[in-house]
There are 2 protein chains.
Amino acid sequence: MKKLSIVDIANSLNISKTTVSFILNGRAREKRISDEMIERVLKYVNEVGYKPNTLAKSLRTGKSHTIGLLVQDISNHFFAAIARQIEDRAYKNGYKIIYSSTDNDTRKTKELIALFRDQHVDGYIIVPPLGIEADIEDLIADGFPVVLFDRYLPGVETDHVLVDNLFSTYNATRLLIDKGYEHIAFISYESTQTQMEHRKQGYRKAIEESKLKPNILEVDFYKEEKLIIEEIRSFILNNKNIDAVLFGNNYLGTCGLKVFRSSGIKIPDDIALISFDDLEVFELYTPEITAIAQPVEAIAEEVITILLNRLNNVPKDDSKQQVTLATELKIRKSTR
Amino acid sequence: MKKLSIVDIANSLNISKTTVSFILNGRAREKRISDEMIERVLKYVNEVGYKPNTLAKSLRTGKSHTIGLLVQDISNHFFAAIARQIEDRAYKNGYKIIYSSTDNDTRKTKELIALFRDQHVDGYIIVPPLGIEADIEDLIADGFPVVLFDRYLPGVETDHVLVDNLFSTYNATRLLIDKGYEHIAFISYESTQTQMEHRKQGYRKAIEESKLKPNILEVDFYKEEKLIIEEIRSFILNNKNIDAVLFGNNYLGTCGLKVFRSSGIKIPDDIALISFDDLEVFELYTPEITAIAQPVEAIAEEVITILLNRLNNVPKDDSKQQVTLATELKIRKSTR
DNA sequence: ATGAAAGCGCTAACAT
DNA sequence: ATGTTAGCGCTTTCAT
C-alpha cells in the first residue's frame, strides 16, 4: 500500500489538485467550491485514509507546527512536570514538541537552537543558560516567538514567565527569623542566573532587615552529586552555629537531607530546613519538610498560552508578555 | 539576512548545485570532483554559514533523522530518567527526538503514532499500551524500526528490552518469606500488561512454593491518586492479618507510604514494605524502603543502541533483538 | 569531472 | 467554480 498523494486523490476524482488542496485546507467556501464537490472529496479522502505529507506542506508553507522545548534537565521533576503539561496543550493544539536538555551548557544550547532552527521549528520555549543572549536575540529578530521560563536574560526583551523568587525566599527566611532562628544559612549555586540571584537577594533582605548575619554557601552546579554533598557537609560542620538552612532548589534540598541524615543532624532540633521547590520526598520525609512550592501547572499554562497566542498572532500588539507567579510556602515540620 | 539555499551557493561560485550537493554529502571522491573544487566549496559554505534545509532534504530522501519516543508519562521519574539518556545518545548521533506521553491510552497512542508517521519519523521507541498491536505491526510491516521497552506485546514480534519482572518479585517475596512474614499482600494494577502480569506471577510463585495464601489488590490505573490511596487504605484496614506488602511500581509504592503514614501504621513493625522501582524518596524515607531497582541506564542504553543499529542497518540479519535485564533488590530497612 | 533537469508532495498566485 | 503552473530546497539520474 503505497502512500497516496494529493495528485492521486485529484486523479481518482478527475479534478485538479488545487481543488483538493483548497477543500482540505478549509478554503473551499472562500473559493466558492460547490457543496457537492466538497462532500465528494471529503468522503473519498476519508475512505482511502489519505493524509497530507506534512513535510511537503512545511517545506511549502515554512511552518512546521513544531515547538522546540529546551529545559535544563528533563529528568528533574520540576522540568518534567512542566514539560508534561506543555506537551499536552501543544498536542491538543496541533503542535508537536521536539525537546532536549541543555544541562545549562551554553555551547550545547547554541547547537540545539541551531538544530531547531534548521528543523524549522515554529516557536521556542527555553530555560536559558547564561551566554545565550545573542542567540535568543537572533531568534527574536528573525521573528520567532520565544518564551523563557524559570529565569530570564537581563537586557534581552522576551516573553517570560517567572515566579516571585525574591519574595519567596524573603518570606521563607522571615518565617525562620520569626521562629527565633538566628544563624540562618543559604545554600545555593555559584550562579548569576536571575532566579538564583533573586533567591539570594530575598534571603539577604530578610536577614539584613533583622540585623542578622548572612551566611551563604554557593556550590558549583557542574560538580557531581557526591562532591556537592561533601561540600555541604563540611560547610555545615565548620559552621557549628548554624541553626537553620534555606536551600536554593530541590536538588540542593535533597542533597541537604542526605547530609543531615548521614551526619546524624536532627531536623528541626539541631537544624531547621526549608527548601525551594516542593517534591514528594519533602512531603513524605520525617519530619515533613517545609518547602517553597512553585505553581507548576500555572507556569506551564502561562508559557504555552503565550506561545500559542504568538503563533496565532494574538495579541497583535508587540509588547512582551512577562508574568510573575506567586509561590506557596508549604509550612510543615522541619522548623520548630 | 535571508536564508541561503544550495542554489545561492552554486551561483556565487559559478558552478552547479549538483556539484555543491555532492561535495556536501561527501560523495565528491566517488564523483571524482577535483580537490581544489572541494576545498573552494567547503571554504565558502563555511564562510557564509550555509546550512542545508533539512525539511527539503527529508522530503527528498524520505529520512527525517527523527526518532519518535512514546512513554507512558514523562513526568514519572522512571520514564523521565530513561528519556534523558535516550535523548543524549540520540542527539549525539544526529537524531532529534519528538516525544509524547501516552497515558496508557490506546486511542491517544494510535493518534500519536499516526502523527509520528505523518511526520516521517525514522524509528520508534514505544512503551506500548494494550490494544496497540495492529498499529505496531503496521509500522514493522512498513519497514520502520520499532523497539519497545518496559513491556511487550505478546504475539507481536519486535525488538524489546525488559527487566526480569518475574524473578524480581519472586526474589523480593522470598526475602519477605525468609524473614518470617506469612501474610504478604501484593498491590498492583488491574492490568494484563506483561510487566504487571509477570510481577504478579513472581509473587504468586514464591507464595505458592511456601504454601502461603496469596492476597492481591488490583487498583484501577486510571483512577486519580486520592481514590487509589483510599482503595489501598481500605484494603489494608480490612485485611488486618497482612504483615507485609509488595507494591507493583513506584507510584503505587509512594501511595502505600502515604496510606501507612496517615493511618499510623509503622514500617516495618506493623507492616513490612517493598516497592518495585527505586526512587530517591525510598532512600530518604524513614525507615529506608527496600526496593527493586531497575537498571535505568542500561535499559536506555540497550534501547537506543538497538534502534540506532536498525537505523544503520546493523545487524543485517532480521532476527529480533530481545533483551532482559536484571534488577537489583536494594535491601534497606522496611523489613525487619 | 561537472551540469541540466526531473521530481519529492504540497500551496497559492494566476488563469479561465 | 475549478484548473494550470510555478516554485519551496534538495538529491540523483542521466548527459556531456
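Note on naming: letters A, B, ... go to the chains in the order of the sequence lines (proteins, then strands), and numbering restarts at 1 for each one. Just the heavy atoms: all of them, side chains too, but no hydrogens, waters or symmetry mates, feed the values below.
- Summarising the geometry, the separation between CD1 on B/I15 and P on C/dA4 is reported as 11 Å, rounded to the nearest angstrom.
- Note that the CG atom of B/L139 and the CZ atom of B/F116 stand 10.5 Å from one another [nearest 0.5 Å].
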Side-chain atoms of residues 28-43 of chain B: list all donor-acceptor pairs with protein atoms under 3.5 Å, sequence neighbours left out, distances to 0.1 Å.
residue : atom : partner : partner atom : Å
B/R29   : NH2  : B/D35   : OD1          : 2.5
B/E30   : OE2  : B/R27   : NE           : 3.4
B/E30   : OE2  : B/R27   : NH2          : 3.0
B/S34   : OG   : B/M37   : N            : 3.2

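- Mapping B/S34 and B/A56 onto DNA chain C via the closest heavy atom, the residue that lands nearer the 5' end is B/S34.
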Would you list the atom pairs, donor with acceptor, under 3.5 Å between side chains in residues 48-56 of chain B and any protein atom, with sequence neighbours excluded?
residue : atom : partner : partner atom : Å
B/N53   : OD1  : B/L55   : N            : 2.7
B/N53   : OD1  : B/A56   : N            : 3.0
B/N53   : ND2  : A/H120  : NE2          : 3.4
B/T54   : OG1  : A/D118  : O            : 2.5
B/T54   : OG1  : A/D118  : OD2          : 3.3

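- By the 6.0 Å contact criterion, CD on B/E133 is enclosed, its count of non-hydrogen atoms from other residues, nucleotides or ligands being greater than 12.
- When the side-chain nitrogen and oxygen atoms of B/K57 are compared with OP1 and OP2 of D/dG9, none of them lie within a distance under 4.0 Å.
- Following rounding to the nearest Å, B/M37 (CE) and C/dG3 (C1') show an atom-to-atom distance of 12 Å.
- With values rounded to the nearest 0.5 angstrom, B/I74 atom CD1 is found 11.5 Å from A/I97 atom CD1.
- Following rounding to the nearest Å, A/E30 (CD) and D/dT2 (P) show an atom-to-atom distance of 15 Å.
- Summarising the geometry, the separation between CD1 on B/I9 and P on D/dT11 is reported as 13 Å, rounded to the nearest angstrom.
- Of the possible polar contacts, none joining the A/Q72 side chain to the A/T102 backbone as a donor-acceptor pair under 3.5 Å is found.
- Within the structure, salt bridge (Lys or Arg N to Asp or Glu O under 4.0 Å) contacts touching residues 89-101 of chain B (residues at least two apart or in different chains) are B/R89-B/E301.
- Following rounding to the nearest Å, B/L55 (CG) and C/dC8 (P) show an atom-to-atom distance of 17 Å.
- With values rounded to the nearest 0.5 angstrom, B/L24 atom CG is found 13.5 Å from B/K17 atom NZ.
- Rounding to whole angstrom units, NZ of residue A/K51 and P of C/dG9 are separated by 17 Å.
- Contacts classified as salt bridge (Lys or Arg N to Asp or Glu O under 4.0 Å) and involving residues 57-86 of chain A (residues at least two apart or in different chains) are given here: A/D73-B/R84, A/R84-A/D88, A/R84-B/D73, A/R84-B/D103.
- If you take CD1 of A/I33 and P of C/dA12, they are 13 Å apart, rounded to a whole angstrom.
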For nucleotides 12-16 of chain D, tabulate all protein N/O to nucleotide N/O atom pairs closer than 3.5 Å, reporting atom names and distance.
residue : atom : partner : partner atom : Å
D/dT12  : OP2  : B/R27   : NH1          : 3.2
D/dT12  : O4   : B/T18   : OG1          : 3.2

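- Going from atom CG of A/N11 over to atom P of D/dG3 covers 11 Å, rounded to whole Å.
- Remark: B/Y50 is not in phosphate contact with D/dG9, judged by side-chain N or O atoms under 4.0 Å from OP1 or OP2.
- For DNA chain D, the stems formed by at least three consecutive Watson-Crick or G-U pairs, with both atom-pair distances below 3.5 Å, span C:1-16 with D:1-16.
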